[in-house]
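The structure under discussion appears below in the form of structure tokens.
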Amino acid sequence: MKSQDVSFYIETLGCPKNIVDSRTMRGNLLINGFVEAKTPENADLILINTCSFIKEAQETTIDTIFEAVRLKASNKNKKIGIVGCFSEQFAGSLENQIPEADFFLGTRRYHEIAHVVSQKCSIELMPRLPGEKIHSRSRNEIINPYAYFRIAQGCSRKCAFCVIPAIRGSFEPYTIDHLKQQYEQEMSQRYETSNLREAIFVSQDTISTPEKDLRQFIEFFESLGHISWIRLHYLFPDKRIFDIIRMMSEYPKIVPYLDIPFQHISRSVLEAMNRPGDAGLFSEIIGHSLLSNPEMEIRTAFIIGFPGETDEDIEEAVRFIENNPVHKLALFRYSHEEGTPAFQKSRDLIPDKVKAERMNYVREAHIKARTALRSNLTGKKTLLMLDEVNPDEIIARRPQDSPDIDEVVYLSTTPELDLKVGDMVEARLNTAMEYDWIGEIIAKC
């Protein structure tokens, strides 16, 4: 069988970093002659790019794998490849547990996926000619106005709750050439470059990227006329963040958005997590970022229920939320993962019910504080990027909101403006919902 006769479908699970890896696989398969299917049912090859960060992610991965196995049961010729973090973490046991899968691949060979498929599934590669278009999407298919770009691989930190260093390896910064390759790959899969308006940097540990390299990455996208916004994800709360905040103010396309997971507020819990900082440092970071840019909004995350956490620790987290502007907060229930330092050193003695109660308590405190923070936005004019343009509704975002995880603004359609995905508009925020907004368009920018 030749690759030009084989269709593939990639199911991407987990975080935006996996989206980048799936894009790499997609590009490599297309260049080598494979054809993309619209659904897993219609694909000859199903690739599952897995997540294994916490128990819930592993359960989702297993469910997705067995859905593919179910499809294969009705079509014995269908092939299944299980790729990424889950395959890396459980490499020693998966072949026996999931014999229906045709191959397993870890986290370091996404760029070689076509050759892996060729070898494992006896498929002859038929590479496309140099310069030949590799689009498999319809010209009318909507493509997001944003894209994720990985700027590093792995992590060298030893956070007690995290299995990523064991799966992804030590921190390895990318070069500007690697970033440009990602950009070229992204552009090769779009019909128009103009609809890419936002570049989002992702890694396991963005702040550990050498500053000279980070500046190169930013300046590359600053030089592209069609890019309006640059967003940095996964910053780390050590004192280098002050240099990053200063640097952010130097580049006009970097959005006023600080994504910086604190993971907790209690010093004792943070020490047990092998994380830096305390409430004082975190308050200083927030204050400094707002002093640098009053339009800045803070996104952070807490892990609730880490071994040894007490009600007093939760009260400290709530006081922090009440006394500091935390605009966006993600809450995660602690998952006792095999392979992490915490799994080896401690027992998971806090019941799930208690974890859930604590999460709800912190969430309610944040919603109350967040409502007060948003009160001065009602009626404000703001710049928005259009993510979806439907016949009856437009979905847009402010610079302070990252796609897929933060709030959106719902707008009425305005046919006379001939709007499309990726356009920028000036709008007024009229009505605040619990998380999102209802607004009205003032003008196209």
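All values derive from a computational prediction rather than experimental measurement. The chain is numbered in sequence order, starting from 1.
The existence of a salt bridge linking Arg231 and Asp406 is excluded, since no basic side-chain nitrogen approaches an acidic carboxylate oxygen closer than 4.0 Å. Asp418 has no carboxylate O lying under 4.0 Å from a charged side-chain N of Lys444, or vice versa, which leaves the two without a salt bridge.
In this structure, Arg23 satisfies the cation-pi test against Phe149, with its NZ or CZ atom closer than 6.0 Å to the six-membered ring centre and inside 45 degrees of the ring normal.
In this structure, His226 and Tyr183 have parallel ring planes: the angle between them is below the 30° cut-off, well short of the 60° mark.
Side-chain contact between Pro40 and Glu67 is absent, with no heavy atoms from C-beta onward closer than 4.5 Å. Residues Val6 and Val117 are not in side-chain contact: their nearest non-hydrogen atoms beyond the backbone lie 4.5 Å or more apart. Ile151 is listed as a side-chain neighbour of Leu179, based on a closest heavy-atom distance under 4.5 Å. The shortest distance between side-chain heavy atoms of Val425 and Leu419 falls below 4.5 Å. You'll find the side chain of Tyr334 reaches within 4.5 Å of the side chain of Pro307, heavy atoms only. Within the 4.5 Å cutoff, no side-chain heavy atoms of Asn274 are placed close to those of Cys159.
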ask   = Going through the distances and angles, do Asp401 and Arg398 end up as a salt bridge (Lys or Arg N to Asp or Glu O under 4.0 Å)?
value = CA-CA 5 Å; Asp401 295 309; Arg398 302 177 303 138; 3.0 Å; yes
Open item on the list: Does Asp348 form a salt bridge (Lys or Arg N to Asp or Glu O under 4.0 Å) with Lys355? I'd like the steps, not just the answer.
Closed with: CA-CA 11 Å; Asp348 186 17; Lys355 293 177 185 176; 3.1 Å; yes
* Tell me, with the steps shown, if Asp177 and Lys180 meet salt bridge (Lys or Arg N to Asp or Glu O under 4.0 Å). => CA-CA 5 Å; Asp177 288 341; Lys180 288 179 179 179; 5.1 Å; no
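Remark: side-chain polar atoms of Asn49 are paired, donor with acceptor, to backbone N or O of Asn18 under 3.5 angstrom. Without hydrogens or angle criteria, Thr61 side chain to Thr50 main chain gives no donor-acceptor distance under 3.5 Å.
Atom NZ of Lys120 has 12 or fewer heavy atoms from other residues, nucleotides or ligands within 6.0 Å. For CD of Glu393, the number of neighbouring non-hydrogen atoms (other residues, nucleotides, ligands) closer than 6.0 Å is greater than 12. Other residues, nucleotides and ligands contribute only 12 or fewer heavy atoms inside 6.0 Å of the CD atom of Glu338.
Taking the ring centroids of Phe86 and Phe90, they lie under the 6.0 Å cut-off.
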